[in-house]
Number of protein chains: 2
Amino acid sequence: MKKTVFVFGALIVALLTLFQLSKYSITTGNLGIEFAIAAIALIFFFIGIYINKKSLHKKQAQIPIGEIDEDKISELGISKREYEILIKISEGLSNKEIASQLFVSESTIKTHISNLFPKLDAKRRTQAIQRAKEMRIIP
Amino acid sequence: MKKTVFVFGALIVALLTLFQLSKYSITTGNLGIEFAIAAIALIFFFIGIYINKKSLHKKQAQIPIGEIDEDKISELGISKREYEILIKISEGLSNKEIASQLFVSESTIKTHISNLFPKLDAKRRTQAIQRAKEMRIIP
DNA sequence: TGAGGACTCATACTAAAGTACCAAAACCAC
DNA sequence: GTGGTTTTGGTACTTTAGTATGAGTCCTCA
């Protein structure tokens with residue numbers, strides 16, 4: 001915001017300076033009038049580019065694509081551990097691999113998964129991945 | 001492309017016209033000099049915006065995020081049918097469901113999958129999804 | 001025309017995945 | 001500290017997934 005004010009201030013000053021300069025060049029003789037006009041044109045050309053770029057950047061920041069919906073997770077009643085396992089599933093790991101990575105037994109993973117699937121309305125782990133992605137609860 | 005040429009042509013004409021106009025206003029008396037300069041400034045301002053917008057749109061079209069790498073598919077030696085089944089897998093379908101959707105037996109699906117996994121360097125269908133996504137061969 | 005690739009299907013098997021039910025710690029809140 | 005949730009783990013079972021092997025059909029391209 002401060003930057004914007006500074007830039008606009010500088011531009012206004014530059015504009016006024018150019019106005020005065022162009023007027024001066026007219027009174028002393030119209031030798032540099034083309035240059036003055038060209039300079040003004042160029043400056044405003046870049047102002048246009050700058051402003052447009054800024055507004056577009058703002059737009060991009062407003063709509064982030066790969067955002068995870070944390071509210072949705074708690075809304076579905078998914079616990080921390082269940083979510084952790086969901087991520088591992090989406091990474092293509094087997095129950096055994098998840099179990100060893102989290103230092104628990106495979107039975108525990110199976111239990112968690114069995115509790116997780118109804119919450120995601122899924123019957124298979126592949127379906128769970130698909131559902132979780134379209135709900136934007138995993139990247 | 002035609003549009004671009006037309007726009008730029010129009011802009012050059014407008015620019016020259018303004019140059020002449022500004023010169024004329026100086027010789028007849030500098031009443032409208034500020035207006036002329038302001039007009040030039042304004043026009044180039046919008047030119048800047050227009051060009052910037054165009055270049056950014058181009059940029060977005062050049063780098064689409066969810067692009068599938070078709071070359072990679074043939075590079076890995078994945079056939080049409082195998083790819084078709086890969087898509088179904090990523091949609092969370094079971095072998096039985098895929099079989100009925102494609103009007104073939106479950107055995108066929110299993111055979112295709114068994115041939116597909118080595119090509120993707122995957123051991124499980126979830127891993128196949130993960131690998132296929134990071135290779136950008138599925139959306 | 002025949003060799004090779006793609007698609008199909010089957011059997012038989014092993015290995016995961018998933019369900020159901022139970023139960024004991026552990027943790028958190030009231 | 002009592003009650004609810006989470007996390008953990010087990011047994012027993014069914015279902016799905018995946019492998020291995022073999023074989024028939026179809027199509028294409030040399």
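We name chains A, B, ... by the order of the sequence lines, and we start the count at 1 in each one.
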### Message
Quick one, Q101(B) and K88(B) - any side-chain contact, counting heavy atoms below 4.5 Å?
### Response
yes
#### Entry: Electrostatic pair E97(B)-R124(A), nearest N-O below 4.0 angstrom
yes
### Message
Is there a side-chain contact between T108(B) and L102(B) in this structure, where contact means two heavy atoms from C-beta onward sitting under 4.5 Å apart?
### Response
no
### Test item: L116(B) and Y83(B) side chains (from C-beta on) under 4.5 Å apart, heavy atoms
no
### Query
Between L120(B) and I78(B), is any pair of side-chain heavy atoms under 4.5 Å apart?
yes
### Message
Expected output is a numbered-order residue list: members of residues 105-127 of chain A with a heavy atom under 4.0 Å from any atom of DNA chain C. What is it?
### Response
K110(A), S114(A), F117(A), R124(A), R125(A)
#### Entry: Distance, nearest 0.5 Å, that separates CD1 of I109(B) from CD1 of I85(B)
4.0 Å
#### Entry: Side chain proximity check, H112(A) to R81(A), heavy atoms < 4.5 angstrom
yes
Collect all protein-nucleotide pairs involving nucleotides 25-30 of chain C in which both atoms are nitrogen or oxygen and the distance is under 3.5 Å.
none

### Task
Any chance you could measure I89(B), atom CD1, to E84(B), atom CD, to the nearest 0.5 Å?
12.0 Å
### Message
Contact list please: residues 72-104 of chain A against DNA chain C, heavy atoms, distance less than 4.0 Å, in numerical order.
### Response
S94(A), N95(A), K96(A)
### Query
So, do I137(A) and L86(A) sit near enough that their side-chain heavy atoms are less than 4.5 Å apart?
yes
### Message
For E70(B), is the CD atom crowded, meaning more than 12 foreign heavy atoms sit under 6.0 Å from it?
### Response
no
